[in-house]
Participant: 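Submitted below is the structure of interest, expressed as C-alpha cells.
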2 protein chains.
Amino acid sequence: MGAMTEKADAVPSAARRSRKVPKTADTLDIDFDIFGTLLSFYVRTVNILVSQDLDARMERLLLAGGTGKIATLLLVGANPGIRPSVLAHVIRKDRSAMGKLLDAMGGAELVEQRVSPAERRARELYLLPKGEALRARVRDVALTQDRDFFSVLDGGERAQLLGLLRKVYGRHLDGVPDAG
Amino acid sequence: MGAMTEKADAVPSAARRSRKVPKTADTLDIDFDIFGTLLSFYVRTVNILVSQDLDARMERLLLAGGTGKIATLLLVGANPGIRPSVLAHVIRKDRSAMGKLLDAMGGAELVEQRVSPAERRARELYLLPKGEALRARVRDVALTQDRDFFSVLDGGERAQLLGLLRKVYGRHLDGVPDAG
DNA sequence: GCACGATGATGGTAGGTGTCCACTATCTTC
DNA sequence: GAAGATAGTGGACACCTACCATCATCGTGC
C-alpha cells in the first residue's frame with residue numbers, strides 16, 4: 001500500500017492488524033468538534049487500543065479472559081497477604097466481582113485465599129507456584145507490550161504521560177499511595 | 001474524617017462518592033511492582049474512573065447506557081452524512097455493534113440513516129431534531145465533566161496530556177486525522 | 001457482459017464484564 | 001447484649017465485545 005494512511009512501525013498492534021479502516025470513505029477529514037479536546041475520549045480510546053493489544057499478546061499465557069487477572073497476579077505477587085478488598089480498591093473493581101475472579105484464579109491454582117489471623121472476616125491472598133511461574137512470564141510480556149505500544153513516545157514523553165496519569169489516578173482514588 | 005486519606009476537592013467524582021476504601025486494612029503501603037511504571041495500567045484505571053464519573057453525570061440525559069452514544073451524538077453532529085463504518089473506525093467500535101447502537105438511537109429518534117446516493121451499500125447519518133437538542137446538552141456536560149475531572153492538572157499539564165494521548169491514538173489508528 | 005472478490009451493513013450468538021443487592025459471619029462500639 | 005459496620009459470597013441482570021454468516025452492492029478483470 002502506498003504512502004496513504006499506512007504508518008511505518010516495527011510492531012503491528014492488534015488494532016492495526018484487524019481490518020478497520022473503511023475503504024470507500026475518506027476518514028481523514030473528520031471534524032472532531034469538542035472531541036478533539038476531551039481527555040476522556042482519548043483516555044477511553046487509547047484504553048481500548050492498548051487493551052486489545054495487551055490481550056492479544058497475553059492470550060496464550062492467560063488462555064481465558066479475566067479483566068484484572070494480570071493486575072491480580074502482579075499485585076498479589078508483590079504484596080503477599082494482600083486482601084481482596086484492598087486489591088479491588090486499587091484496581092477499581094467491584095468487590096463481589098473481585099471475589100469471583102479470585103475464585104476462578106483459585107480454581108486454576110494460581111492464587112489461594114487464607115483466613116486472616118488478624119481478622120477472621122478478611123482473607124489474605126498468596127500466589128501458588130503456578131501463579132508465581134505465570135507472574136514471571138506475564139511481567140515480561142506486560143513490560144514489553146507497554147514499551148512497544150507506547151514507543152511513539154520518547155523517554156521524556158513517556159515519563160510525562162506516566163506522571164500525569166498518576167496524578168489523575170491519585171486524585172480520584174482515596175487511600176492509594178503514589179505508585180512508583 | 002481527619003486528614004488521613006480525605007482529599008480536598010470541590011467536585012466529588014462518582015468514584016469518590018462510592019464507598020470503596022477498605023476500612024480495616026491499610027491501603028497506603030501497597031507495592032505496585034512494575035505496575036507503577038505501566039502506562040497501560042494507568043490508562044485503564046483512569047478510564048474506569050472517568051467513565052464512571054461521566055456516566056453518573058450523563059445518566060439523566062442519556063437515560064440508558066450506550067457506550068458510544070455520546071461519541072455518536074457529537075461526531076454525527078459535527079459531520080452530517082458520516083458513515084457508520086467511519087464512525088465505528090474513529091471510536092474503535094465493532095461495525096455490527098455500531099449498527100446496533102445506531103438502531104437504538106434511531107428508535108429513540110436521535111439519529112436517522114439514509115442510503116448514500118454515492119454508494120447504495122453505505123448509509124449516511126444525520127441527527128434528528130431530538131438528537132440536535134440532546135447534543136447541545138451532552139456537549140455542555142461533557143466539557144464540564146472533563147474540566148472538573150482533570151482539574152488536578154493545570155492548563156499546561158492538560159495540554160501535555162492531551163498531546164501525548166493524541167500522539168498515541170494517531171499512531172495506532174490508521175486513517176484518522178490529527179484531531180483538533 | 002459476466003464472474004469474482006471486496007465492501008458496507010445487518011442479524012444472530014456466545015462469552016465476558018460490570019453493577020447492584022441480599023445475606024452471613026465477624027468485629028467494634030455503646 | 002444489641003446495633004451498626006465491615007469483609008466476603010452468591011445471585012441476578014443488563015450491557016458490551018467479538019465473531020461469523022448473510023445479503024446487497026460495487027469494482028475489477030477477462
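Chain identifiers are assigned alphabetically (A, B, ...) following the order of the sequence lines, protein sequences preceding nucleic acid strands; residue numbering begins at 1 within each chain.
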Participant: Could you tell me if the side chain of B/Phe32 sits less than 4.5 Å from the side chain of A/Val90, heavy atoms only?
Facilitator: yes
Participant: Tell me whether the side-chain N/O atoms of A/Gln52 come closer than 4.0 Å to OP1 or OP2 in D/dT17.
Facilitator: no
Participant: Write down the distance between CZ (B/Arg123) and P (C/dG11), rounded to a whole number of angstrom.
Facilitator: 10 Å
Participant: Which of the following nucleotides, C/dA9, D/dG10, D/dC16, is nearest to the side chain of B/Thr67?
Facilitator: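 Nearest listed nucleotide: D/dC16.
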Participant: Looking at A/Arg95, I'd like to know whether one of its side-chain N or O atoms comes within less than 4.0 Å of OP1 or OP2 on D/dA7.
Facilitator: yes
Participant: A/Met98 has an atom CE; how far is it from atom C1' of D/dT6, in whole Å?
Facilitator: 18 Å
Participant: Write down the distance between CD1 (B/Ile48) and C1' (D/dC16), rounded to a whole number of angstrom.
Facilitator: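 Whole-Å distance recorded here is 14 Å.
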Participant: In whole Å, what is the span from the CZ atom of B/Arg83 to the C1' atom of D/dC26?
Facilitator: 11 Å
Participant: Hey, any chance A/Leu74 and A/Met98 share a hydrophobic cluster, counting ILVMFWY side chains that come within less than 4.5 Å of each other, even indirectly?
Facilitator: yes
Participant: Side-chain donor-acceptor contacts of residues 100-111 of chain B below 3.5 Å, not counting sequence neighbours, with atom names and distances?
Facilitator:
none

Participant: Would you call B/Leu143 and A/Leu38 a side-chain contact if the rule is heavy atoms closer than 4.5 Å?
Facilitator: yes
Participant: How do B/Arg44 and A/Ala25 order along DNA chain C: which one's closest nucleotide is nearer the 5' end?
Facilitator: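 First, find each residue's nearest nucleotide; the 5'-ward one identifies A/Ala25.
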Participant: So, using salt bridge (charged side-chain N to carboxylate O under 4.0 Å, His left out) as the criterion, who are the partners of A/Arg121 when residues are at least two apart?
Facilitator: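 So A/Arg121 forms a salt bridge (charged side-chain N to carboxylate O under 4.0 Å, His left out) with A/Glu119.
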Participant: Please report, rounded to the nearest Å, how far the C1' atom of D/dC19 is from the CD atom of A/Glu59.
Facilitator: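 Atom-to-atom, A/Glu59 to D/dC19, this comes out as 13 Å.
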Participant: Between C/dG18 atom C1' and B/Leu49 atom CG, what is the distance in whole Å?
Facilitator: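 To the nearest whole Å, that distance equals 14 Å.
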Participant: Specify the residues of residues 113-121 of chain A, ordered by number, for which at least one heavy atom lies under 4.0 angstrom from an atom of DNA chain C.
Facilitator: A/Glu119, A/Arg120, A/Arg121
Participant: How close or far is atom P of D/dC15 from atom NZ of B/Lys93, stated in whole angstroms?
Facilitator: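 The answer, rounded to whole Å, is 13 Å.
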Participant: Grouping I, L, V, M, F, W and Y whenever their side-chain heavy atoms are under 4.5 Å apart, do A/Val152 and A/Leu162 come out in a common cluster?
Facilitator: yes
Participant: Considering only nitrogen or oxygen atoms on both sides, find all protein atoms under 3.5 Å from nucleotides 20-24 of chain C and state each distance.
Facilitator:
residue : atom : partner : partner atom : Å
C/dC20  : N4   : A/Asp94 : OD2          : 3.4
C/dC20  : N4   : A/Ser96 : OG           : 2.6
C/dC21  : N4   : A/Ser96 : OG           : 3.4

Participant: Does a side-chain N or O of B/Lys23 approach OP1 or OP2 of D/dA7 to a distance below 4.0 Å, or not?
Facilitator: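 Negative; the distance criterion is not met.
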Participant: Using salt bridge (charged side-chain N to carboxylate O under 4.0 Å, His left out) as the criterion, list what pairs up with A/Arg158, not counting sequence neighbours.
Facilitator: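 With neighbours one apart ignored, the set is A/Asp146.
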Participant: Just to verify, what does A/Arg139 make a salt bridge (charged side-chain N to carboxylate O under 4.0 Å, His left out) with, not counting sequence neighbours?
Facilitator: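 Only B/Asp33 meet the salt bridge (charged side-chain N to carboxylate O under 4.0 Å, His left out) criterion with A/Arg139.
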Participant: To the nearest angstrom, how far is A/Met105 atom CE from C/dT17 atom C1'?
Facilitator: 16 Å
Participant: Do A/Ile34 and B/Leu61 sit in the same hydrophobic cluster, where Ile, Leu, Val, Met, Phe, Trp and Tyr count as joined when their side-chain heavy atoms come under 4.5 Å apart?
Facilitator: yes
